[in-house]
Amino acid sequence: MNEHNEKQTFEDKVTNDLKDFHESIDVEQPDFNHLLHLVQTEQIQRHQHIWKELMFLWGMSVIILTLLAILYFYTPILFGLSQLGVITSLAVYFYKEKVKVMRYDPS
């Protein structure tokens, strides 16, 4: 019984000390306008970053389509082999992803 009382008093001491510590902490809440400005600047930066990535994607797609058009008109055999390689690599990728999803067991 004495051990139980010691444990309880220890828990009470820790609880009281933590309550006192929690009450002694002085936290300043940021101004709403500051938070609003922070969110707006982050949204603007994210929007600009998305547009840069989109322009890069469009540029790369134009380059790739141009190369494919050149291959198609000047060397159809290379065009066919490149398309076969792309289809094969996509099939392997999707097969591996499907196997990975099937192996995942959340339980």
Side-chain angles (χ1 to χ4, degrees):
M1 184 89 175
N2 190 17
E3 186 176 314
H4 180 67
N5 286 339
E6 285 180 16
K7 183 178 180 183
Q8 190 174 16
T9 58
F10 177 74
E11 289 176 359
D12 290 339
K13 286 180 183 179
V14 170
T15 304
N16 290 333
D17 288 342
L18 286 175
K19 283 182 183 177
D20 292 340
F21 180 71
H22 181 71
E23 291 172 0
S24 70
I25 295 175
D26 185 28
V27 178
E28 289 185 30
Q29 292 183 350
D31 185 33
F32 177 74
N33 291 330
H34 174 70
L35 292 175
L36 184 65
H37 176 69
L38 183 65
V39 168
Q40 287 173 345
T41 55
E42 284 295 320
Q43 284 179 342
I44 290 170
Q45 288 176 353
R46 187 166 304 223
H47 187 72
Q48 289 173 349
H49 183 73
I50 288 173
W51 272 105
K52 286 178 186 176
E53 286 185 355
L54 186 62
M55 291 298 159
F56 179 73
L57 177 68
W58 285 345
M60 291 300 295
S61 64
V62 166
I63 291 170
I64 290 171
L65 289 174
T66 303
L67 289 174
L68 284 175
I70 291 171
L71 278 176
Y72 181 74
F73 287 115
Y74 292 109
T75 53
I77 293 173
L78 285 177
F79 177 78
L81 290 176
S82 67
Q83 293 301 308
L84 186 63
V86 167
I87 291 171
T88 305
S89 62
L90 282 175
V92 169
Y93 172 76
F94 284 121
Y95 176 75
K96 285 184 178 182
E97 286 296 316
K98 187 171 183 172
V99 168
K100 188 188 307 181
V101 168
M102 290 175 67
R103 286 185 184 168
Y104 177 70
D105 186 18
S107 59

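The basis for the numbers below is simple: all heavy atoms, side chains too, and nothing from hydrogens, waters or symmetry mates. Position 1 is the first residue of the sequence, and the numbers go up from there.
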| field | Nearest-0.5 Å distance, CZ of residue Phe32 to NE2 of residue His37 | value | 13.5 Å
| In Å and rounded to the nearest 0.5 Å, what is the CZ to NZ distance from Phe94 to Lys98? | 12.0 Å
| request: Apply the test side-chain hydrogen bond (donor to acceptor under 3.5 Å, both in side chains) to residues His49 and Gln45: give CA-CA distance (whole Å), side-chain angles for both, the deciding distance (0.1 Å), then the verdict. | output: CA-CA 6 Å; His49 183 73; Gln45 288 176 353; over 6 Å; no
| Just checking, is any N or O donor in the side chain of Gln43 or His47 under 3.5 Å from an acceptor N or O on the other one? | no
| message | When you compare the side chain of Glu97 with that of Tyr93, does any pair of heavy atoms fall below 4.5 Å? | response | yes
| query | Are Arg103 and Lys100 side-chain neighbours, meaning at least one heavy-atom pair lies under 4.5 Å? | reply | no
| note | The reported gap from CD in Glu11 to CG in Asn16 (rounded to nearest 0.5 angstrom) is 11.5 Å
| query | Looking at OH of Tyr74 and CZ of Phe79, how far apart are the two atoms once the value is rounded to the nearest 0.5 Å? | reply | 15.0 Å
| task | Check whether Leu78 and Ile64 end up in the same hydrophobic cluster, where Ile, Leu, Val, Met, Phe, Trp and Tyr are linked by side-chain heavy atoms less than 4.5 Å apart. | result | yes
| message | I'd like to know if Val62 and Leu67 are part of one continuous hydrophobic network [Ile/Leu/Val/Met/Phe/Trp/Tyr, side-chain heavy atoms within less than 4.5 Å]. | response | no
| query | Do the non-hydrogen side-chain atoms of Val99 and Tyr95 ever get within less than 4.5 Å of each other? | reply | yes
| said: Can you confirm whether more than 12 heavy atoms, excluding those of Leu18, are under 6.0 Å from its CG atom? | reply: yes
| How many angstroms lie between NZ in Lys19 and CG in Asp12, if you round to the nearest 0.5 Å? | 9.0 Å
| request: Look at the side-chain heavy atoms of Ile, Leu, Val, Met, Phe, Trp and Tyr, link any pair under 4.5 Å apart, and say whether Ile63 and Leu71 land in one connected group. | output: no
| field | Considering all heavy atoms, the nearest Thr41-Leu38 contact | value | OG1-O, 2.8 Å
| query | In Å and rounded to the nearest 0.5 Å, what is the CZ to OG distance from Phe56 to Ser61? | reply | 10.5 Å
